[in-house]
A.B. asks: 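What follows is a structure written as structure tokens; I'll ask about it next.
Chain letters run A, B, ... following the sequence lines, proteins first and then strands; every chain starts at 1.
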Amino acid sequence: MKKAFYLTTAIDYANGSPHLGHAYEKILADVIIRTKKLNGMPTHFVTGLDEHGQKVQQGADKEGILPKERCDRIAQEFKNLLVTLNISNDDYIRTTEPRHKNVVSSLLQDLFNRGEIYQAEYKGFYSTRAEQFLQEKDKVNGKWPEIYGDVTEITESNYFFKLSKYQDWLIKFLEESDDFIVPSFRKNQVIEFLREPLNDLCISRPKERLAWGIPLPFDKNYVTYVWFDALVNYVTAAGYGNEEFKDLWPADLHVIGKDILAPPHAVYWPIMLKASNLPLPKQILAHGWWMSSGEKMSKSTGEVVDPLSLVEQRGVDAFRYFVMREMTVGQDADFSLERFESRYKTDLGNDLGNLVSRLFHMTATYEKGVVPKVELNEEFEQKIKTNFEAAKEKALEHFNAFQFNQGLEQIFIFIRSINKYADERTPWKLAKSDLSEDRQKLKTCLGVMVESLRLAIQMIAPVMPGVHEKVNQLFGLPACENWKTALEWDFRLEGKTLGEKIILFPRD
RNA sequence: GCCAGAGUAGCUCAGCUGGUUAGAGCGCCGCACUCAUAACGCGGAGGUCGGCGGUUCAAGUCCGCCCUUUGGUACCA
């Protein structure tokens with residue numbers, strides 16, 4: 001069996017409700033996986049939840065409930081979001097699941113047995129109030145701020161993973177790879193980061209300080225901390241230890257935010273895998289952040305409009321279209337309600353929605369809803385077919401390079417050209433004529449428009465799966481499964497009776 | 001401080017390895033049309049491509065310096 005294209009998102013941290021950032025990453029990953037499917041690849045798409053750690057425990061303590069109860073509730077919120085956003089994930093992994101704990105234990109034990117993990121003293125400044133070690137950078141004016149309360153220097157025994165011995169190997173690997181990290185400029189940031197000598201990674205916390213975690217298999221007085229828990233989800237979900245593992249691993253693509261590229265995904269993770277004798281993922285895609293007039297968006301800034309509320313107001317497809325159209329993958333973008341409304345009204349309503357509306361209306365009134373046979377192939381027809389071929393080539397190329405904003409632009413250029421074609425042929429005038437020549441032109445025009453719209457709708461499927469299915473239903477087509485066969489200019493709908501006209505993107 | 005991204009029409013952005021009068025969408029102003037969600041189509045105004053200097057026959061496009069802005073600098077998507 002052919003290896004599936006295995007794609008993951010970062011797993012969300014179970015400490016707070018989902019916001020635009022979470023939604024965007026899922027949509028981006030979903031659009032990518034849908035394009036892979038349409039290109040004929042078998043796929044496997046996993047997302048999930050990171051549930052251990054201090055913040056989760058503290059959050060639960062504050063509410064007076066068990067960490068697991070809190071995680072269950074938050075997991076449900078995140079899962080609901082996936083449904084709302086029409087995300088087509090095949091699996092949802094939670095780090096509290098037995099399958100995950102087993103894999104973490106087994107990897108840790110193996111590394112410990114082979115001397116990749118060792119015990120040592122960790123000396124640092126500890127804040128009892130914040131329940132954490134502080135760094136020099138936490139100081140303000142050379143002093144620890146009030147919020148940390150009493151800060152004392154303590155020594156604690158912990159376990160460490162030998163990162164530093166792999167530093168040279170990693171630098172060499174990164175320098176030789178050309179598309180391991182996308183966008184490429186981020187690779188330089190990672191290599192820059194690696195210019196400083198790496199410290200070994202502290203991977204444990206004593207149980208008395210943190211109980212909510214996966215115990216170290218070789219020392220039950222400790223739990224493992226953060227990265228050996230969170231990152232390992234990618235191999236857990238690939239079925240590490242089972243038969244299916246070889247069909248999925250290595251991952252083809254990790255979709256993550258730019259904030260967790262270096263060091264976690266570009267430094268810790270490759271080294272963890274290398275030390276475990278596992279192959280590295282093929283590619284890491286680091287996306288940017290949504291900003292609000294230059295400010296990073298988060299729940300703490302108290303937005304006037306919650307972006308996610310637009311999903312309910314304008315529909316999930318409009319929302320997916322907006323974030324894909326507006327964001328240059330890898331860079332930051334601004335989220336503004338005005339931009340959203342403008343995209344909704346003009347691109348979706350006026351260009352696409354209105355085209356659907358006018359075309360189905362005309363076909364119904366002029367041809368009783370039956371797609372007529374195309375009898376002419378004059379300049380206008382040749383031109384729009386050329387437009388389609390160009391849009392197809394460019395759009396698919398952009399999609400493959402994760403440049404969805406540009407791919408969508410190409411598709412909408414084509415959609416606008418369908419409207420233009422209607423203006424050139426003026427079917428509403430032809431319909432008033434009895435001349436056989438005009439009848440022929442009318443049939444041709446409608447047939448060509450139907451074919452053009454059909455093709456545009458197939459290309460838009462990964463971004464707007466809902467609209468795609470709806471319109472395909474009116475065409476009497478099932479959801480598109482493979483672009484190769486679907487994106488052929490062949491008038492396959494000739495003679496079919498179309499469904500009734502619908503308003504795809506209503507104005508209020 | 002160091003590293004990186006961004007700085008192109010009012011707004012959001014395209015402009016690959018340097019090469020004709022710098023492009024698109026939105027917004028604005030006109031024209032036209034009436035099948036359609038008062039939608040579509042056409043035309044127009046609007047830019048010394050952040051600044052200075054350099055390389056070149058030729059530079060938003062390469063080099064240097066500077067300015068503005070965002071992010072990273074060991075655990076918030």
A.B. asks: Flag the pair A/Arg94 and A/Glu51 as a salt bridge only when some basic side-chain nitrogen lies within less than 4.0 angstrom of an acidic carboxylate oxygen.
C.D. replies: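 Yes, charged N to carboxylate O under 4.0 Å.
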
A.B. asks: Assuming nearest nucleotide by heavy-atom distance, tell me which of A/Cys202 and A/Ile413 is located more 5' along RNA chain B.
C.D. replies: A/Ile413

A.B. asks: Rounded to whole Å, please give me the gap between CZ in A/Phe505 and C1' in B/A36.
C.D. replies: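 Spelled out: CZ on A/Phe505 to C1' on B/A36 is 16 Å.
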
A.B. asks: Pick one: which of A/Arg425, A/Lys441, A/Lys385, A/Lys383 meets salt bridge (charged side-chain N to carboxylate O under 4.0 Å, His left out) with A/Glu378?
C.D. replies: A/Arg425

A.B. asks: OP1 or OP2 of B/G72 versus the side-chain N and O atoms of A/Lys258: is any pair under 4.0 Å?
C.D. replies: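 For B/G72, neither OP1 nor OP2 has a side-chain N or O of A/Lys258 closer than 4.0 Å.
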
A.B. asks: Just to confirm, is there a sub-4.0 Å distance from OP1 or OP2 of B/U37 to any side-chain nitrogen or oxygen of A/Arg358?
C.D. replies: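 False: A/Arg358 side-chain N/O out of range (4.0 Å or more) of B/U37 OP1/OP2.
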
A.B. asks: Taking it one step at a time, do A/Leu20 and A/Trp290 satisfy side-chain contact (heavy atoms from CB on, under 4.5 Å)?
C.D. replies: CA-CA 8 Å; A/Leu20 177 60; A/Trp290 284 99; 3.5 Å; yes

A.B. asks: Mind checking A/Phe360 for me? I need base, sugar-phosphate or nothing, with any heavy atom below 4.0 Å counting as a touch.
C.D. replies: nothing

A.B. asks: Are A/Lys394 and A/Glu409 ion-paired here, with the side-chain N under 4.0 Å from a carboxylate O?
C.D. replies: no

A.B. asks: Atom CZ of A/Arg425 to atom P of B/C35: distance rounded to whole Å?
C.D. replies: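 Result: 19 Å.
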
A.B. asks: Under 3.5 Å, is there an N or O donor on one side and an acceptor on the other linking the side chain of A/Asn354 and the base of B/A39?
C.D. replies: no

A.B. asks: Think A/Gln406 has a side-chain N or O under 4.0 angstrom from the OP1 or OP2 of B/G15?
C.D. replies: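 For A/Gln406, the contact criterion (side-chain N or O under 4.0 Å from OP1 or OP2 of B/G15) is met.
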
A.B. asks: In dot-bracket notation, what is the pairing pattern of RNA chain B, taking Watson-Crick (N1-N3 plus N6-O4 or O6-N4) and G-U wobble (N1-O2 and O6-N3) contacts under 3.5 Å, with [ ] crossing and | for other strands?
C.D. replies: (((((((..((((.....[...)))).((((.........)))).....(((((..]....))))))))))))....

A.B. asks: Return the 5'-most residue of the pair A/Asp347, A/Ile503 with respect to RNA chain B, ranking by each residue's nearest nucleotide.
C.D. replies: A/Asp347

A.B. asks: Considering only the P atoms, how many Å lie between B/U61 and B/U69, rounded to the nearest integer?
C.D. replies: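 So the two P atoms sit 22 Å from each other.
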
A.B. asks: Quantified in whole Å, what is the C1' atom distance between nucleotide B/G10 and nucleotide B/G46?
C.D. replies: 9 Å

A.B. asks: Is the shortest side-chain N/O distance from A/His361 to OP1 or OP2 of B/C35 below 4.0 Å?
C.D. replies: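 The answer is no; no side-chain N or O of A/His361 sits under 4.0 Å from OP1 or OP2.
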
A.B. asks: Would A/Arg343 count as a cation-pi partner of A/Phe322, with NZ or CZ less than 6.0 Å from the six-membered ring centre and within 45° of the ring normal?
C.D. replies: no

A.B. asks: By the 4.0 Å heavy-atom rule, please label A/Arg416 as base, sugar-phosphate, or nothing.
C.D. replies: sugar-phosphate

A.B. asks: Ignoring backbone atoms, test whether A/Lys432 places a side-chain nitrogen or oxygen under 4.0 Å from the OP1 or OP2 oxygen of B/C35.
C.D. replies: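 Yes.
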
A.B. asks: Examine B/G5: is either OP1 or OP2 under 4.0 Å from a nitrogen or oxygen in the side chain of A/Thr328? Give yes or no.
C.D. replies: no

A.B. asks: Round to the nearest Å and state the distance from A/Met449 atom CE to B/G41 atom P.
C.D. replies: 11 Å

A.B. asks: What is the distance from CD of A/Gln54 to P of B/C76, rounded to the nearest Å?
C.D. replies: 12 Å

A.B. asks: Where does the angle between the aromatic ring planes of A/His22 and A/Phe78 fall among parallel (under 30°), tilted (30 to 60°) and perpendicular (over 60°)?
C.D. replies: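 Rings of A/His22 and A/Phe78: perpendicular, as their planes differ by over 60°.
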
A.B. asks: Under the 6.0 Å and 45° cation-pi test, does A/Arg454 pair with A/Phe475?
C.D. replies: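 Judged by the rule, A/Arg454 and A/Phe475 form no cation-pi pair.
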
A.B. asks: Examine B/A36: is either OP1 or OP2 under 4.0 Å from a nitrogen or oxygen in the side chain of A/Lys501? Give yes or no.
C.D. replies: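 No, because none of the side-chain N or O atoms of A/Lys501 sits under 4.0 Å from OP1 or OP2 of B/A36.
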
A.B. asks: I need the A/Leu408 CG to A/Phe412 CZ distance, nearest 0.5 Å.
C.D. replies: 7.0 Å

